[in-house]
Colleague: 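One structure, as structure tokens, below. Some questions next.
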Amino acid sequence: MLYESDYCTMDLFDVSSNIFDKEEALMDEWVPGELPEREEELEQISMAFKRSVRSDKRPRNVFLYGKSGQGKTVAIEYVLRELDNTFQTIDKKLTVIKSTLQGSNTSYQAVGKILTELEEDTHSPPKGHSYDDLTYRMFNALDDIGGYAVIVLDEIDNLGTDDDLLYDLPRAPSNGRLENTEVSVVGISNDFNFREKLSPKVKGTLGEVDVRFNPYDATELQTILKQRKEIAFQDGVVDEDVIPLCAAYSAQDEGAARQAIKLLYTAGELASNRDADSVTTDHLEKAKDRLEHELIRDGLDGLTTQERATVLAVASLEVQDKTPAKTKEVYPVYRWIIDNVGYEELTARSIHDKLTSLNTYNMVSAYENSGGVRGGTYFTFDLGNIDAHELLDVCANADYSLSETADEIPITTRQSRF
DNA sequence: TCTCCACAGGAAATTGGGGGTT
DNA sequence: AACCCCCAATTTCCTGTGGAGA
């Protein structure tokens, strides 16, 4: 996009804000000079690297886990930067290879991605070769680096149960696949359970040092929000109650700092757009509504049509107050919906899988039940925190193939909730 | 106590792709 | 062109579970 400053002057966008001072401090990319509530974690991480400063040993492998928005990535970057500085003073060479495994569901794809970082003329993950070919290339490239190499694998939980890479990588030196380079691995996972799902042999080698990032509580969030507020807003424009309330909301919901900051930012924007002279709790409430709406929207956007139909089926039941429903109850509704759109029907077994995976994306909530009329354990599903009417609304107004169907979903009992 | 139901979820096979090398 | 490698989404088949009712 081209910006012609000649045409786009202050007529349209009032440059001076009476709300914001440096609003950059509320943006995602902003890296604060210090991490006020993560000192303990920083210390734990740096311990893992210290032995490579003292001796010739490679740093320990580190495994960081905790929900998203807890500062894991920032923390490791912070520590590695410091380590690099130290290494320079003692004349050691440090190479950091960072790779986000988003979209890499298998070890194969992950190795491909790492190769794009390692090999200069490889710009997209290679395909069509065997896994062994790729790992061979990877270890060759690593061995060429020399010195110390730290491989940071972000969102490592994308690998699921395929832990070949996590098995091969830490073992390379003892297998004689690496001779000149000391390699260690930093794994970052958003999934608390991922570590448990790993096979024991991998858990041991990868998790030489485990650092757990617990969700921030309301008090910690307040500290963080205050820090940002001081920089981002003009003095005194944020009402006293806003920060505590903002922190409280976000603490309930995952305790993610990123979310809390976004909420505050949105509230500030609302206030600014309305030419208010202060940010009030009213703005915050509005911001919260808007973000919730966006969350549903983004959630639905990331789903396939089949998954959307499944969510829609649950929503439909929720609207009729038949909510925590078993797969068996959801399935006929799903079939009705999918037939309506003319897509192929999947089996009940697949819908059962869809429902459980939607649960992990937080689009539906699953509850485990035991007993019942016919023994065993079974799950029931509902929409959890999401408001069914709002979801139907969003879906009907979006541009999905089943938007029209969403509009048709039984309106009869729509008012029956609450 | 035993059986049996109805569900959860694992494993393997199937389907229908993507893309290589030689 | 012939042959190889990798993959995700499903379906099919199957085993495990625990309380209700015999």
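Reminder, nothing fancy here: chain letters follow the sequence lines and each chain counts from 1.
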Colleague: Answer yes if the side chains of Glu307(A) and Thr304(A) hold a donor-acceptor pair under 3.5 Å, and no otherwise.
Modeller: yes

Colleague: Indicate whether any N or O donor in one side chain lies under 3.5 Å from an N or O acceptor in the other, for Glu155(A) and Thr100(A).
Modeller: no

Colleague: Taking N or O atoms only and anything under 3.5 Å, show me the protein contacts with nucleotides 1-11 of chain C, one pair per line.
Modeller:
residue	atom	partner	partner atom	Å
dC6(C)	OP1	Tyr131(A)	N	2.7
dC7(C)	OP1	Thr106(A)	OG1	2.7
dT10(C)	OP2	Lys354(A)	NZ	2.5
dT11(C)	OP1	Thr347(A)	N	3.3
dT11(C)	OP2	Thr347(A)	N	3.0
dT11(C)	OP2	Thr347(A)	OG1	2.3
dT11(C)	OP2	Ser350(A)	OG	2.3
dT11(C)	O5'	Thr347(A)	OG1	3.4

Colleague: Could you give the CG-to-P distance, from Asp133(A) to dT21(B), as a whole number of Å?
Modeller: 10 Å

Colleague: Could you check whether Thr347(A) and Ser350(A), counting side-chain N and O atoms only, form a donor-acceptor pair closer than 3.5 Å?
Modeller: yes

Colleague: Please state how far atom NE2 in His352(A) lies from atom P in dG16(C), giving the value in whole angstrom units.
Modeller: 17 Å

Colleague: Do Lys67(A) and Asn214(A) pair up side chain to side chain, a donor and an acceptor below 3.5 Å, judged on atom types alone?
Modeller: no

Colleague: Ignoring hydrogens and geometry beyond distance, is a side-chain donor-acceptor pair present between Tyr131(A) and Asp168(A) at under 3.5 Å?
Modeller: yes

Colleague: Just how far, in rounded Å, is C1' of dC7(B) from OH of Tyr378(A)?
Modeller: 10 Å

Colleague: Distance only, no hydrogens: is a donor on one side chain within 3.5 Å (strictly under) of an acceptor on the other, for Glu37(A) and Tyr216(A)?
Modeller: no

Colleague: Phe379(A) CZ to dG16(C) P: how many Å, rounded?
Modeller: 19 Å

Colleague: Mind calculating the distance between CG (Leu134(A)) and C1' (dT21(B)) to the nearest angstrom?
Modeller: 14 Å

Colleague: Just how far, in rounded Å, is P of dA6(B) from NZ of Lys328(A)?
Modeller: 6 Å

Colleague: Nearest-Å distance, NZ (Lys326(A)) to C1' (dA8(B))?
Modeller: 13 Å

Colleague: Take atom CD of Glu368(A) and atom P of dA8(B), then tell me their distance rounded to the nearest Å.
Modeller: 9 Å

Colleague: Taking 4.0 Å as the cut-off, does a side-chain nitrogen or oxygen of Thr327(A) come that near to OP1 or OP2 on dC7(B)?
Modeller: no

